[in-house]
Amino acid sequence: MFLSEAATGGPQFFYLAPWIVIFPAIGLLINLIFGSRFSEKVIGAIASTASGLAFGVAVLLGVSLVGHPEGEIVSLIDWITIGALQVRWAFQVDTLSVVMMLVVSGVGTLIHIYSIGYMHEDVRHNGDPGRYRRFFIYLNLFIAMMMILVGSNNYMMLFVGWEGVGLCSYLLIGFWYDKGKDGIGNALAAKKAFIVNRVGDFGFLLAAFTMFWAFRTFDFQEVFAKAPEVAAAAPGMILAITLFMLLGVTGKSAQLPLYVWLPDAMAGPTPVSALIHAATMVTAGVYLVARSAELYVLVPQAQMWVSLVGGITALFAATIAVAQFDIKKVLAYSTISQLGFMVAAVGMGAFAAGMFHLVTHAFFKALLFLSAGSVIQGVERGEHHVDHDAKLHKLLKGSGHHFDPQDMRNMGGLRSRMKTTFVVYLIGALALAGIVPLAGFWSKDEILAEASLLNPTVYWLLTIAAFFTAFYMGRQIIMVFFGKPRSAPAEYAQESPPVMTVPLMVLAALSVLGGALNLPGMHTFTGWLEHTLTFIHPGEFNLVVAGVSTGLALLAIILAWLLYSRRYQALQALPTAKRPDDPLRPILGPIFTLLENKYKVDEIYDALIVKPYAALSAFLADVIDWKFWHDWFHDKIIAGGFQLLTRVLSVQVDLGFIDAIGNALGKGTRAVAGRMSLLQSGYVRSYMLSVVVGLVLIVGFLLLR
């Protein structure tokens, strides 16, 4: 039985909290140790069951909070004790953490089930079925780490989960590390995500160090209790902590300027995009701000910066999505944009609205990514059909370019070939566009309504971003599903199996009904969070704001229809050499090219950071390390100095001094011996004379005494 800090009263399941981590850990260990003996279905079933059991625990924790909304801290062990630093491994069970647990484990379980079918084909398409087990081990590890992140009761334990999901992101983005451009493209994408997130994590660490300096603790409750006193005595301290946290948020939640890793993260298998880069990991930054709300409300300057970063990112990314052709890249930039909505909301202090959009976005963006995966594999199945048809194969290969199953220009007409995928994709797109009464309408408009009151600048940034959102989703739906097939594989595309489409249907239902969580006048979700975030207030439904956003969304969809249905079809009649690949290209000209090239931000980073860093590295390696340190200091100073010293010691000291002493002693001995040899004549009479003389001298000496 685990220790519990709160008084127990009535039926509750708080003591089960550690099992949200233990169940996924058990799942990954079973597959890691015994998985080589199991079939793919068994491996997938074990991983999905582990995630599903974690969801069951989250549900029980939610049930416990209904009767005990104050929550509880479930302490497992004393983790770190160093002087004044005492950190426990403990779980914070409250309404905010349980919301995240339910989203992570619930959506995560659906993605696990979907992956059973998706990865069965993906590992064969990429020629390595042996990696199937590895994928589900990584997926369970991610769920475990995300649960540590959202379930922790202190910033250090949260940081363990924060770094853990970063590791899992690296492993899953680079899952096909030997694929991509030049056989290393995916590996480079994983490295980019890892490095950029380390920059953001440096901000988190600075916030943690400053926090311990100010509070002498990392415990949520202790920090929040002392925060008003610290803010009164040293307001700059709280400002520094919150701004350092913002740097961490820009990395993990892909905001300006550290968003650049997320589009490249699409190199991972599509379920990875749905789980990590849409529904869970990238929302960690939003959760961090919401969890630290007690700090942010004390420093309006930090709130202003957080909301501006979110608003600018939302618009910036939405414009880029308009000109992308990769079906997953469109959704990637959409994710960055929608994260901007959430960050702006929690930055303004609209914590309930931001968390509400986090939940609904998890539903419809996971739905869109998984549906995109269904489309991609449907087109790949069509490509396999073409490869087995000699005439069609010759026609496809005769086009002179590599066929990309993710390029929307190769699609079209899929609504008749993949009817289920089309319906669920349409639901997800309309929810993202904010069309009433789908979930996205209620959550996005709640943010817009709050922004209209709290920050007009952010309101207009988000409103314009919402227009572009509806436009690029209308563009995507039309290019993928309407018109005539623009390639032979699209013409022969096939629907995905039920193991993939059933999770899509569940997510589609959530995307339709998810808005009921916080309907105006009821504010069920807001009331739920009020038990943890006591200073939040229910946002009022603004009919004017809702009308403007809905009108702009409908206008954007109509504009997309006119451009990509009528005009696009008309452009197809032009000769191939004169036919633009997008009807917006001739209208916008260089602006479209700039959007297609993503404002050349990667190139700017490459010029300002990567190349100077590489040049500095080359200078340090070639000039400082090799020429200076090795060739000059090592070879000349150290080695040359040693050689000079040995020459001095051997020639001057050893030969010139020590040997000279020995030689002088030898010569002196020889000289004395030469003199003494004169006494050795060899005649007995001479020796007798010497004896007599000696006796005379002795006797004389004695007599004289």
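All values below come from the heavy atoms of this structure, side chains included, with hydrogens, waters and symmetry mates left out.
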Exercise. Counting only heavy atoms not in Tyr170, do more than 12 sit closer than 6.0 Å to its OH atom?
Worked result: no
Exercise. Do other residues, nucleotides or ligands put more than 12 heavy atoms under 6.0 Å from Lys179 NZ?
Worked result: yes
Centre of [Y]'s six-membered ring, under 6.0 Å away, within 45 degrees of the axis: is that where NZ or CZ of [X] sits?
X: Lys444; Y: Phe341; answer: yes
X: Arg124; Y: Tyr118; answer: no
X: Arg131; Y: Tyr177; answer: yes
X: Arg134; Y: Phe136; answer: no

Check for a donor-acceptor pair, side chain of [X] on one end and backbone N or O of [Y] on the other, with a separation under 3.5 Å.
X: Thr421; Y: Met418; value: no
X: Ser337; Y: Tyr333; value: no
X: Ser169; Y: Val165; value: no
X: Arg409; Y: Asp581; value: no
X: Ser487; Y: Met411; value: no
X: Asp182; Y: Ile184; value: no
X: Asn186; Y: Trp176; value: yes
X: Asp94; Y: Ser97; value: yes
X: Asp404; Y: Gln406; value: yes
X: Arg291; Y: Val286; value: no

For this session: Using the test salt bridge (charged side-chain N to carboxylate O under 4.0 Å, His left out), find all partners of Glu380 that sit at least two apart in sequence or belong to another chain.
Result: none
Exercise. Arg133: what forms a salt bridge (charged side-chain N to carboxylate O under 4.0 Å, His left out) with it, not counting sequence neighbours?
Worked result: none
[X] [atom1] to [Y] [atom2] distance, which is reported to the nearest 0.5 Å:
X: Leu426; Y: Ser511; atom1: CG; atom2: OG; result: 11.5 Å
X: Leu510; Y: Leu438; atom1: CG; atom2: CG; result: 12.5 Å
X: Leu149; Y: Met157; atom1: CG; atom2: CE; result: 9.5 Å

For the residue pair [X] and [Y], establish whether any side-chain heavy-atom pair is separated by less than 4.5 Å.
X: Glu491; Y: Arg417; value: no
X: Leu595; Y: Gln324; value: no
X: Val512; Y: Ile427; value: yes

Problem set entry | Residues Glu121, Arg381: salt bridge by 4.0 Å N-O rule | yes
Problem set entry | Pair Glu163 + Lys252, salt bridge at N-O below 4.0 Å | no
In terms of side-chain heavy atoms, does [X] have a donor or acceptor partner in [Y] at a distance below 3.5 Å?
X: Tyr472; Y: Ser334; value: yes
X: Ser443; Y: His357; value: yes
X: Tyr425; Y: Gln476; value: yes
X: Asn126; Y: Asp122; value: yes
X: Tyr564; Y: Asp582; value: yes

Could you tell me how the ring of [X] sits relative to the ring of [Y]: parallel (under 30°), tilted (30 to 60°) or perpendicular (over 60°)?
X: Tyr138; Y: Phe175; result: perpendicular
X: Phe204; Y: Trp162; result: tilted
X: Phe525; Y: Phe356; result: tilted

Problem set entry | Intermediate values then yes/no, side chain to side chain donor-acceptor pair (under 3.5 Å), Glu40 and His120 | CA-CA 8 Å; Glu40 288 185 354; His120 173 78; 2.7 Å; yes
